[in-house]
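Report on one structure; see the data block that follows.
None of the values given here were measured: they were computed from a predicted structure. In listed order, ligands and their atoms are each counted from 1.
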Amino acid sequence: MKKDVYIPYLLDSIPTYDTVFRVTTNSPLLTPIESLKGVGKETANQLARLQLTTVNDMLEFWPREYEDRRNLPTIQAISKTEAIVTLKARIESLSTKQAGNKTHILKAKLADQTGEIEAVWFNQSFLKKVLKPGLTVIVSGKLEWNKFSQGMQLSVQSTDVCYPNQESPSEKIMPIYPLTQGLYQKKIRQVSQNCLSQFNKWIQDPLPEAFRTRFNLISRQEMIENIHFPNDEARFKNAKYRAIFEDLFWFQLPYFIRKTKKQNHLGTGALRTDGPLIKAYLEHLPYVLTNAQKRVINDIKEDAQGRTPMNRLIQGDVGSGKTDVAMVALLMAIESGKKGVLLAPTEILAEQHMIKCQERLAPLGIKTVLLKGKMKAKEKKETLEAIQSEGPLVIVGTHAIIEGPVKIVNLGLVIIDEQHRFGVMQRMKLQKKGDFPHSLFMTATPIPRTLLLACYGDLDQSVIDEMPPGRTPPRTYFGKEDKWDKVMAFCQNQIANTHQVYIVYPLVEESEKIDLRSAVDGWERLQIRFPDIKVGILHGKMKSEEKQDVMSKFRKNEIQILVATTVIEVGVDVPNANTMVIRHAERFGLSQLHQLRGRIGRGPGSCFCFLVADPKTETSNRRIKALLNSSDGFKIAEEDLQIRGPGEMLGTQQAGEIQLKVADLDRDQSVLKEVQKAIQMLLASDPNLTHPDHQAIAIECQTHNRITESVIN
Ligand code: ADP
Ligand code: MG
């Protein structure tokens, strides 16, 4: 758990530390585990490997499964479908064996009045001295098929001996903890039991009693006890409920604090939405907006005219025309004498937006600056000066805008393009650059319903559900490597018909030398294959100017084939390019493939996508199939969710911010709703959590390890 960490902008006043925090610095729960009776140096070391050094760590270290020792089945009745089988039986005979020089195997024949079964212990040699024929044991483990003896055997994970004249081992529901080399269930159960019986009275509850009563939550103390050693089903169920509730509670609280603040704050003020600039912009466009674009712009107008800040998510599939919607929104800021920010996840996309602004906004007399990571000193100085002057300005840039120390003077609107590439906390940080500016978030990657509620519940939504006229969906083909020559011949043909081609190679990380080599090799070979065609290359290791130069040549059709890594994955818009070849397509994620394919089909006429791949796993086959079957981003996103699960859908940035311990955003939707209701009620009466009853919540929220340190500065 991270300590002494707080997020200055979440709450106005930070409660003092020495009040009721459940793990204050002098809490007995911070007693080193090593000082407990029965924990020797060796056990302490093993526990430390599981990151367990204090009593509190142990209390927070939860079982991964349970074994139910009430009503143990007879040997005859054991069910082969159970994940963990527990038996009480007598040891009939024993034998030991050494397999290789590593694995120690102990075998026994177990029997009860109904039958016999073979049991096997791997690498638990200490039991050699403990187990004796004639003793009764309670063992639990997995049932496995033994190839050699052609029968079922029990691979034992935990063992308890029932000695004749001693109290017999517990026949309750027992925890099964994750283990580490040399540590056994029996030992860690002892430690955990010890921690509970000695220290449970020190467990503090951050949730006040009235709140718990209102939302049917048992105390934290009772929860911890029953998570480790469930007393019965009902209490275990309550414990699990509280654990899930709390998990979601800490995860959701920051969003809602932020949302409440926003609602109670007037922010940057209304924007002018019907000025001459917007009119002029639309008149100069070489096309008319689609109805969907118009509708979304109207949504934005309504928000921007309001006194409270806009907070809207715009979803529209690749190529649906989100950039124009963004431009019109930026004009609302300019027309109101304010600044507007357009943030992009890659430098290439930021550059492209910059070019668009120069083409379409400069003629209207609007100034645009570009802010990115690496800039010449003089350029940077001028840009920063412009940002800090009073006047209206469009600022296009990469995450350098967020990271930079500058406040943006007179900021009316922020837009994040391809918002799924950013973390939720980055979203909050950008908004902090001004005085609660209006905010728009644009994405082509539909957000799964489960995540919508949890991570985007504070946003209004609009959807661009229509493509500009004349677009035909890409024709997608799949072929193995041996089709390469055919595919290349096709490309040559397209180029002869004045079109352009992308050829994309996988590059897992920008530092992967072998991958990069294969892209560069491919580029070199293509130059030899097509001596009359200009072939360019683009990857993340190139200098900024080189990248700009290549993109600009590709845009002007001075380059016909662009060999690239995934740097072109999002946003890149060159309508004349109508063919996309993806090499080793099995190595790309599904939404990544969809985004890449979205680089084509941005103008009139047919377009073609070739997946050249050698898929070996079931999931890579599924991904390719999904792409062949559909070009609808929503359908593809659903399939992607099925394949990957919600955690990964968020992308690395956001997944890092959601570290749920027990809750599952899909399974626990109804608890999530309850949690959100609870938080809203809490904040309605006490938006800054200053009431003495809520101090522990406030502190816990600030310190909670779920909120990563990177957002704290
Ligand atoms: P995305 O939603 O993927 O960001 P863009 O804004 O880049 O899409 O638009 C894709 C292409 O479609 C661009 O070349 C753009 O100029 C063009 N476009 C946008 N809106 C229209 C429209 N209403 N009619 C015709 N072409 C359009
Ligand atoms: Mg775009």
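When only non-hydrogen protein atoms are considered, atom 14 (O) of ligand 1 lies nearest to Asp573 OD2, 2.8 Å. Gly321 CA, 3.6 Å is the protein heavy atom nearest to atom 9 (O) of ligand 1. The nearest protein atom to atom 10 (C) of ligand 1, hydrogens excluded, is given as Arg602 NH1, 3.2 Å; this is a heavy-atom distance. From the protein, the heavy atom lying nearest to atom 20 (N) of ligand 1 is Gln293 NE2, 3.1 Å. Here the heavy atom of the protein found nearest to atom 2 (O) of ligand 1 is Lys322 NZ, 2.8 Å. Atom 12 (O) of ligand 1 has Arg471 NH2, 2.6 Å as its closest protein atom, hydrogens excluded (heavy atom only). Atom 21 (C) of ligand 1 has its closest protein heavy atom at Tyr287 CE1, 3.3 Å.
Arg312 forms no cation-pi arrangement with Phe441, by the criterion of a distance under 6.0 Å to the ring centre and an angle within 45° of the ring axis.
Atom numbering of ligand 1 starts at 1 in the shown order; those under 4.0 Å from a heavy atom of Pro575 are 14 (O). Short contacts between ligand 1 and Asp324, defined as distances under 4.0 Å to a heavy atom of the residue, involve ligand atoms 19 (C), 20 (N). For ligand 1 and Val288, the ligand atoms under 4.0 Å from any heavy atom of the residue are 22 (C), 23 (N), 24 (N). For ligand 1 and Thr290, the ligand atoms under 4.0 Å from any heavy atom of the residue are 23 (N). Heavy-atom proximity to Leu289, at under 4.0 Å, picks out these atoms of ligand 1: 23 (N).
For the residue pair Gln419 and Thr443, no side-chain donor N or O sits within less than 3.5 Å of a side-chain acceptor on the partner. Ser462 and Gln315 share no donor-acceptor pair across their side chains, judged by distance under 3.5 Å alone. A side-chain donor from one of His594 and Asp317 sits under 3.5 Å from a side-chain acceptor of the other. Judged by distance alone, the side chains of Thr268 and Asp435 never bring a donor and an acceptor atom under 3.5 Å apart.
Here's the thing with Val318: none of its N/O atoms is less than 3.5 angstrom from an N/O atom of ligand 1.
One finds a salt bridge joining Glu481 and Arg583 here, because a Lys/Arg side-chain nitrogen approaches an Asp/Glu carboxylate oxygen to under 4.0 Å. Between Glu558 and Lys534 there is no salt bridge, since no side-chain N of the basic residue sits under 4.0 Å from a carboxylate O of the acidic one. A salt bridge between Asp274 and Lys279 is absent, with no side-chain N of the basic residue lying under 4.0 Å from a carboxylate O of the acidic one.
Annotation for Ile600 and Cys607: closest pair CD1-CB, 4.0 Å, computed over non-hydrogen atoms. Taking all atoms of both residues into account, the shortest heavy-atom contact from Val396 to Met354 is CG1-N, 4.2 Å.
The closest approach between a heavy atom of Gly316 and any atom of ligand 1 is not below 4.0 Å. Residue contacts with ligand 1 do not include Gln352, since none of its heavy atoms lies under 4.0 Å from the ligand.
Aromatic rings of Phe490 and Phe610 (six-membered ring for Trp) have centroids within the 6.0 Å cut-off, being under it.
Looking at Leu349, Ile464, Thr323, it is Thr323 that brings a heavy atom closest to atom 4 (O) of ligand 1.
Only side-chain heavy atoms of Lys356 come within less than 4.0 Å of ligand 1; its backbone N, CA, C and O stay farther off. Under 4.0 Å from ligand 1, heavy atoms of Ser320 appear from its side chain as well as its backbone.
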